[in-house]
Amino acid sequence: MNEVVIRALRFSNDVQTMRAFLETLGLRSRIESESGIWIDMVAGRGMVALHDAARSDTGGEPGQTRLTFEADDIDELKDRLDAAGFEEVSIFDEAFGRVLTARGPDGAGLWIDERPKDLYGYKLHAAHPDTRWSVTPVLAVSDQAGWERLLDVLGGDNPELARFRRGAEVQLAGGPEVQLELTTTESLDEVAERLTATGYRAEKADGGLSVVDPDGQIVRVRG
């Protein structure tokens, strides 16, 4: 089975502090580059990747979050996207591995990394994802039906994890504006206590928690 995992990509001025914040919430570090430029973190469902904004070659700004994915087999995924009528689907090699790109809904660029097999230059951690936690990013889009169709084509948990709000403008190269949001079955009171103990102020909002992360962005936690 070709698993395709939704991944919120955050550009950060302080990758290590952002990593510690997400670990406090409940995510676990899986792979990090020896250079410190990249860390990917897993939950029970979904992922968050952290990228040093100062060393981004795609124009990522500090605090910006983009929508990306990770897949087991991007060759099979290319066939699937081609059959579904998506345009400009291509595969190329980067220094860190193989990548699939395509034109998605709203004319936005899609970026899907193939799960790395060669970890030269990276450290692999024995991550044990906390199954109580899911990454549930909120996407600001114009063509919601188109994005829902894309997520259906990608399959897996993706249609359940992504949420939507109306977006005034979609960043064509980087995809839709993304709000980092997490969902958990853990007690929100326990999560709030953990955040408070590490110096963060968690406020109750809309049946969940709202907290400002080290990048100065609001992260919401839904119960």
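Atoms considered below: every heavy atom in the structure, side chains included; atoms not considered: hydrogens, waters and symmetry mates. Residues take their numbers from the sequence shown, with the count starting at 1.
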| query | Is any side-chain heavy atom of L22 less than 4.5 Å from a side-chain heavy atom of L50? | reply | yes

| query | Is there side-chain contact between I218 and V211, with heavy atoms separated by less than 4.5 Å? | reply | no

| said: Quick check on the hydrophobic clustering: are L209 and L180 connected, directly or via other members, by side-chain heavy-atom contacts under 4.5 Å? | reply: yes

| query | Is it true that E203 and R201 have a side-chain N and a carboxylate O under 4.0 angstrom from each other? | reply | yes

| said: Return the CZ to CG distance between R103 and L81, rounded to the nearest 0.5 Å. | reply: 14.0 Å

| field | Side-chain (E114) to main-chain (I74) donor-acceptor, under 3.5 angstrom | value | yes

| query | Do R166 side-chain atoms and S142 backbone N/O form a donor-acceptor pair below 3.5 Å? | reply | yes

| field | Exam field: side chain D143 to backbone D106, donor-acceptor pair closer than 3.5 Å | value | no

| query | Between R10 and D215, is the closest basic N to carboxylate O distance under 4.0 Å? | reply | yes

| field | Residue that, paired with R165, satisfies side-chain hydrogen bond (donor to acceptor under 3.5 Å, both in side chains) out of Q179, E177, Q144 | value | E177

| Looking only at side chains, do S134 and T183 share a donor and an acceptor under 3.5 Å apart? | no

| task | Please determine if R98 and D75 form a salt bridge, counting it only when a charged side-chain N lies under 4.0 Å from a carboxylate O. | result | yes

| Hey, what do you get for CG (D130) to OG1 (T184), rounding to the nearest 0.5 Å? | 6.5 Å

| request: Compare all side-chain heavy atoms of V138 with those of F164 and state whether any distance is below 4.5 angstrom. | output: no

| Going by heavy atoms in the side chains, are F69 and L151 under 4.5 Å from each other? | yes

| said: Please tell me whether E186 and W133 have a donor and an acceptor in their side chains that are separated by less than 3.5 angstrom. | reply: yes

| Under 3.5 Å, is there a donor-acceptor pair between the side chain of R222 and the main chain of R220? | no

| query | Is the backbone N or O of D14 less than 3.5 Å from a side-chain atom of D52, with the two atoms forming a donor-acceptor pair by type? | reply | no

| Should the pair H51 and F11 be assigned to parallel (<30°), tilted (30 to 60°) or perpendicular (>60°) ring geometry? | tilted

| Side chain to side chain, W147 and L67, heavy atoms closer than 4.5 Å | yes

| said: I'd like to know if the side chain of D73 reaches the main chain of E76, judged simply by a donor and an acceptor atom lying under 3.5 Å from each other, with no hydrogens or angles considered. | reply: yes

| request: With side-chain hydrogen bond (donor to acceptor under 3.5 Å, both in side chains) as the test, would you mind laying out the steps for R7 and T68 before giving the verdict? | output: CA-CA 5 Å; R7 185 181 68 189; T68 62; 2.9 Å; yes

| said: Salt bridge check, R66 against E61: does any charged N sit closer than 4.0 Å to a carboxylate O? | reply: no

| Do E23 and R194 meet the salt-bridge criterion of a basic N to acidic O distance under 4.0 Å? | no

| Is the side chain of D213 donor-acceptor paired with the backbone N or O of V219 at a distance under 3.5 Å, no angle test? | no

| said: Keeping R149 on the side-chain end and A84 on the backbone end, is there a donor-acceptor pair under 3.5 Å? | reply: yes

| Pairing of E181 and R163 as salt bridge, 4.0 angstrom limit | yes

| message | Tell me whether D189 is salt-bridged to K204, with the criterion being a basic N under 4.0 Å from an acidic carboxylate O. | response | yes

| request: Kindly determine whether R19 and S29 satisfy side-chain hydrogen bond (donor to acceptor under 3.5 Å, both in side chains), including the steps that lead there. | output: CA-CA 8 Å; R19 168 194 193 168; S29 299; 2.9 Å; yes

| message | Using side-chain heavy atoms (C-beta onward) and a distance below 4.5 Å, is R80 in contact with F86? | response | no

